[in-house]
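Below is one structure, written out as structure tokens; comments come after it.
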Amino acid sequence: MPSKSSARLAALTVAAVCSAASTIVLTSPAHADTVRVHDIQGATRTSPLAGRQVTDVTGIVTGIRTYGSSRGFWIQDPDPDADPATSEGVFVFTGSTPKDVAVGDAVTVSGTVSEYVPGGTSSGNQSLTQITRPAFTVVSSGNPLPAAAAIDAKSVPAAYAPTVNGSINALPLRPATYALDLYESLEGMNVRVSDTRVVGATDPYTELWVTVKPRENRNRRGGTVYGSYDAQNTGRLQIQSLGKASDFPDANVGDTLTGTTEGPLDYNQYGGYTLVANELGTLEAAALRRETTREQSARELAIATYNVENLDPSDDTFAAHAAAIVNNLKSPDIVSLEEIQDNNGATDDGTVAADETMAELIDAVEAAGGPRYDWRSVDPADKQDGGEPGGNIRQAFLFNPARVSFTDRPGGDATTATDVTKIRGRAALTLSPGRIDPASEAFDNSRKPLAGEFTFRGRTVVVIANHFASKGGDQGLTAQYQPPSRSSETQRHLQAEAVHDFTAKILKTQKNADVVALGDINDFEFSETTRLLEGRGTLWSAIKSLPRSERYSYVYQGNSQALDQILISPSIRRGAFTYDSVHINAEFHDQISDHDPQVLRFRP
């Protein structure tokens, strides 16, 4: 799955514009009223006063944001009403660094109530109620902050959100029934979590994820496994800080933020409800270690898939990737690599060749004590395969010629499709390496599957390397639409059908053919994408041979989930095989890729 960094940096660049463009101002008669914060928040997700002028709204300042485009401060009414659905806190958007105001000040605020949608209305995100164009007066200073509301296993409901197949904005909040309703009822308020386990490592934007439900779908390494669309892991919460970025802890999955983490509850584009901490707990490291798989036996063929995250010669991660392949993956016989970029990376000058990228990786593997790999790939047409503009990412095969041989059948290029034929009674590719159906709309602006024919101990194995369309564009789990729309599935379903049909053609030609389809599928083992790829007994996702708690290769918003898969034909499934999801990246703050590699071992 492509890194979110480029999209996120672009969003930060235009955030000031988005703050205005994504603000919903409902058309109601403008007049001034003196109201309380809970009147502004109301008992639904959008304010009943949106678009109206309010005057002299009282509250205690609980936090000040002095960075980014969404600058301002939070206030909270210290005298709450009796309705648990109405929040007592609200964000005051100033647009620039607030002056002459401090945490603990009692203030009166006048301004316009608005609903701001982080990421824009097309994102499907919920809106954040705020007071804009404010004028405020400090009444007194040094006041105690309102007691923080505890978010914990007892307070967060098991159900995630009402399922309405539409917007939940107008529904009355039921904080005792739904987790999203609870979080919304606390929007803008001072909240706290205590002794929480980290389930999403610190990222470059100084964010991490914790769970307030330590037993919720826990795995042995401390993560929270996402194993069903109906189980959203309600205890997950994003943590940011109002302090200096340098003070934010470098946390891995399984670590603990001990003590109290406290601050206003915000809602943002990148993860929804977020505790923006005035006070951070102390990091207690769990000493999580990177995994190492076992070495294949002499008679076992080891095939791996590894997304190396936009690798090109300008990167400084070659030695680290090589060490991972040699030491953690034990030098598989075949490695399907995803996100290999061309020789000058993101430079957009028409370059599509990646021979320098591959040579540098091969040299690094040998220097790390591994075999002298050979490689095969097909260069894409310029800017036709998606990914980082100018990078021309593609899949590539590394293989150890001392253990396997590659059957070269020339003619494969960016636009010519490989097919299936029969040679001496066995299925064979017409082009090897070759691309599967590159002209199909299924692969528009997306990576085309790469097929290659290998021989191991006299047995032919067809390997199909994939990198399906990303999940970008899908609505987030905290969207106002429940269940969220997964629009990106449409293309992945077409891609899955194309790869399945090609595999079915191989098996129709040779019933007992050994076929492995693998890569960054960008979808879960329980998804419709995987079901279509598997078909009726054509392929089977071997990650399902693992216990449910071990089925993950990627950590997103605190959910440990399976995006990388290796699917096998019936002849392999009937024999002896082992599968390993080798956790070396996704759970760590110092990752060299955001994906964990997968390894399959079997006897052809």
Quiz item: Given the rule in the side chain to side chain contact (heavy atoms under 4.5 Å, CB included) test, do Tyr273 and Leu180 qualify, once you have shown the distances and angles that lead to the verdict?
Solution: CA-CA 9 Å; Tyr273 295 104; Leu180 281 192; 3.8 Å; yes
Exercise. Of all the heavy-atom pairs spanning Ser114 and Thr132, show the shortest one and how long it is.
Key: OG-CG2, 3.1 Å
Quiz item: Does the side chain of Asp266 come within less than 4.5 Å of Arg65's, by heavy atoms?
Solution: yes
Under 3.5 Å, sequence neighbours excluded: what are the donor-acceptor pairs made by side chains of residues 95-105?
unit_1: Thr97; atom_1: OG1; unit_2: Arg71; atom_2: NH1; d: 2.7
unit_1: Asp105; atom_1: OD1; unit_2: Ser141; atom_2: OG; d: 2.8
unit_1: Asp105; atom_1: OD2; unit_2: Ala102; atom_2: N; d: 2.8

Quiz item: When you measure from the side chain of Arg492 to the backbone N and O of Asn522, does any donor-acceptor pair fall under 3.5 Å?
Solution: yes
Quiz item: What pairs with Glu587 under salt bridge (Lys or Arg N to Asp or Glu O under 4.0 Å), at least two apart in sequence or on another chain?
Solution: Arg221
Exercise. Go through the steps for His321 and Tyr306 under the test side chain to side chain contact (heavy atoms under 4.5 Å, CB included), then give the verdict.
Key: CA-CA 10 Å; His321 282 305; Tyr306 187 18; 2.9 Å; yes
Quiz item: Where the side chain of Asn233 meets the backbone of Val225, is there a donor-acceptor pair that is under 3.5 Å apart?
Solution: yes
Exercise. Please collect all ring pair (Phe, Tyr, Trp, His ring centres under 6.0 Å) contacts where either partner lies in residues 149-180, sequence neighbours excluded, each pair once.
Key: none
Exercise. Could you tell me which non-hydrogen atom of Val555 sits nearest to which non-hydrogen atom of Gly200, and how far apart they are?
Key: CG1-CA, 4.1 Å
Quiz item: Taking only residues two or more places apart in sequence, or in another chain, which ones meet Arg220 in a side-chain contact (heavy atoms from CB on, under 4.5 Å)?
Solution: Glu291, Glu550
Quiz item: Is a side-chain donor or acceptor of Arg197 paired with a backbone partner of Pro214 at a separation under 3.5 angstrom?
Solution: yes
Quiz item: For the side chain of Gln565 and the backbone of Asp523, is there at least one donor-acceptor N/O pair under 3.5 Å apart?
Solution: yes
Quiz item: Of all residues at least two apart in sequence or in a different chain, which pass the ring pair (Phe, Tyr, Trp, His ring centres under 6.0 Å) check with Phe318?
Solution: none
Exercise. Answer yes or no: is there a side-chain heavy-atom contact under 4.5 Å between Asp520 and Tyr554?
Key: no
Quiz item: For Asn217 and Tyr226, what are the C-alpha separation, side-chain angles and deciding distance, and is it a side chain to side chain contact (heavy atoms under 4.5 Å, CB included)?
Solution: CA-CA 8 Å; Asn217 295 316; Tyr226 183 60; over 6 Å; no
Quiz item: Hey, does the side chain of Thr137 reach the backbone of Thr108 with a donor-acceptor pair shorter than 3.5 angstrom?
Solution: no
Practice problem: Can you measure from CD1 (Ile592) to CD (Glu309) and round to the nearest 0.5 angstrom? | Solution: 9.5 Å
Practice problem: Drop me the distance from Gln130's CD to Thr112's OG1, to the nearest 0.5 angstrom. | Solution: 11.0 Å
Quiz item: For Glu262, does its backbone N or O pair with a side-chain atom of Arg192 as donor and acceptor, under 3.5 Å?
Solution: no
Quiz item: Closest heavy-atom contact between Asp181 and Pro172?
Solution: OD2-O, 4.0 Å
Quiz item: For Tyr552, what residues pass the ring pair (Phe, Tyr, Trp, His ring centres under 6.0 Å) criterion, not counting sequence neighbours?
Solution: His583
Quiz item: Can you check whether Ile239 reaches Val198 side chain to side chain, under 4.5 Å on heavy atoms?
Solution: no
Quiz item: What is the minimum heavy-atom distance between Pro264 and Gly63, and which atoms define it?
Solution: CG-CA, 4.2 Å
Exercise. Not counting sequence neighbours, list each pair that qualifies as a ring pair (Phe, Tyr, Trp, His ring centres under 6.0 Å) and has a residue in residues 236-264.
Key: none
Quiz prompt | Side chain to side chain, Ser127 and Val117, heavy atoms closer than 4.5 Å | solution = yes
Exercise. For Pro175 and Pro84, work out which heavy atoms get closest and say how close.
Key: CG-O, 3.8 Å
Self-check item: Side-chain (Thr305) to main-chain (Gln598) donor-acceptor, under 3.5 angstrom
Solution: no
Quiz item: Taking the side chain from Glu339 and the backbone from Asn310, do they hold a donor-acceptor pair closer than 3.5 Å?
Solution: yes
Exercise. Could you list the residues that satisfy side-chain contact (heavy atoms from CB on, under 4.5 Å) with Pro80, not counting sequence neighbours?
Key: Glu88
Exercise. Please say which of Asp56, Asp79, Asp83 ends up in a salt bridge (Lys or Arg N to Asp or Glu O under 4.0 Å) with Arg36.
Key: Asp79
Self-check item: Point-to-point distance, once rounded to the nearest 0.5 Å, from CD of Gln53 to CD1 of Ile131
Solution: 10.5 Å
Quiz item: How many angstroms lie between OG1 in Thr261 and CG in Leu280, if you round to the nearest 0.5 Å?
Solution: 5.5 Å
Quiz item: Aromatic ring centroids of Tyr116 and Phe93 under 6.0 Å?
Solution: no
Exercise. Please collect all ring pair (Phe, Tyr, Trp, His ring centres under 6.0 Å) contacts where either partner lies in residues 36-75, sequence neighbours excluded, each pair once.
Key: Phe73-Phe136, Trp74-Phe91
Quiz prompt | Gap between atom CD1 of Ile75 and atom CD1 of Ile40 - 0.5 Å precision | solution = 7.0 Å
Practice problem: Please name all residues satisfying salt bridge (Lys or Arg N to Asp or Glu O under 4.0 Å) with Arg236, sequence neighbours left out, ordered by chain then number. | Solution: none
Quiz item: Backbone N or O of Asp596 within a donor-acceptor pair of the Asn585 side chain at under 3.5 Å?
Solution: no
Self-check item: Thr234 side, atom OG1; Tyr183 side, atom OH - distance, nearest 0.5 Å
Solution: 6.0 Å
Quiz prompt | Main-chain N/O of Glu284 paired with Thr258 side-chain donor or acceptor, under 3.5 Å | solution = no
Exercise. Applying side-chain contact (heavy atoms from CB on, under 4.5 Å), name anything that partners Asp250, two or more places apart in sequence or on another chain.
Key: Thr202, His589
Quiz item: Under the side-chain contact (heavy atoms from CB on, under 4.5 Å) test, which residues partner Ser487, sequence neighbours left out?
Solution: Asp474, Ser485
Quiz item: Leu128 and Glu187: side chain to side chain contact (heavy atoms under 4.5 Å, CB included), yes or no, with the steps?
Solution: CA-CA 8 Å; Leu128 177 71; Glu187 178 193 274; 3.6 Å; yes
Self-check item: Lys NZ or Arg CZ of Arg486 over Tyr229 ring: under 6.0 Å, within 45°
Solution: yes
Practice problem: Specify the closest pair of heavy atoms between Ala148 and Val191, including all atoms of both residues, with the distance to one decimal. | Solution: CB-C, 3.8 Å
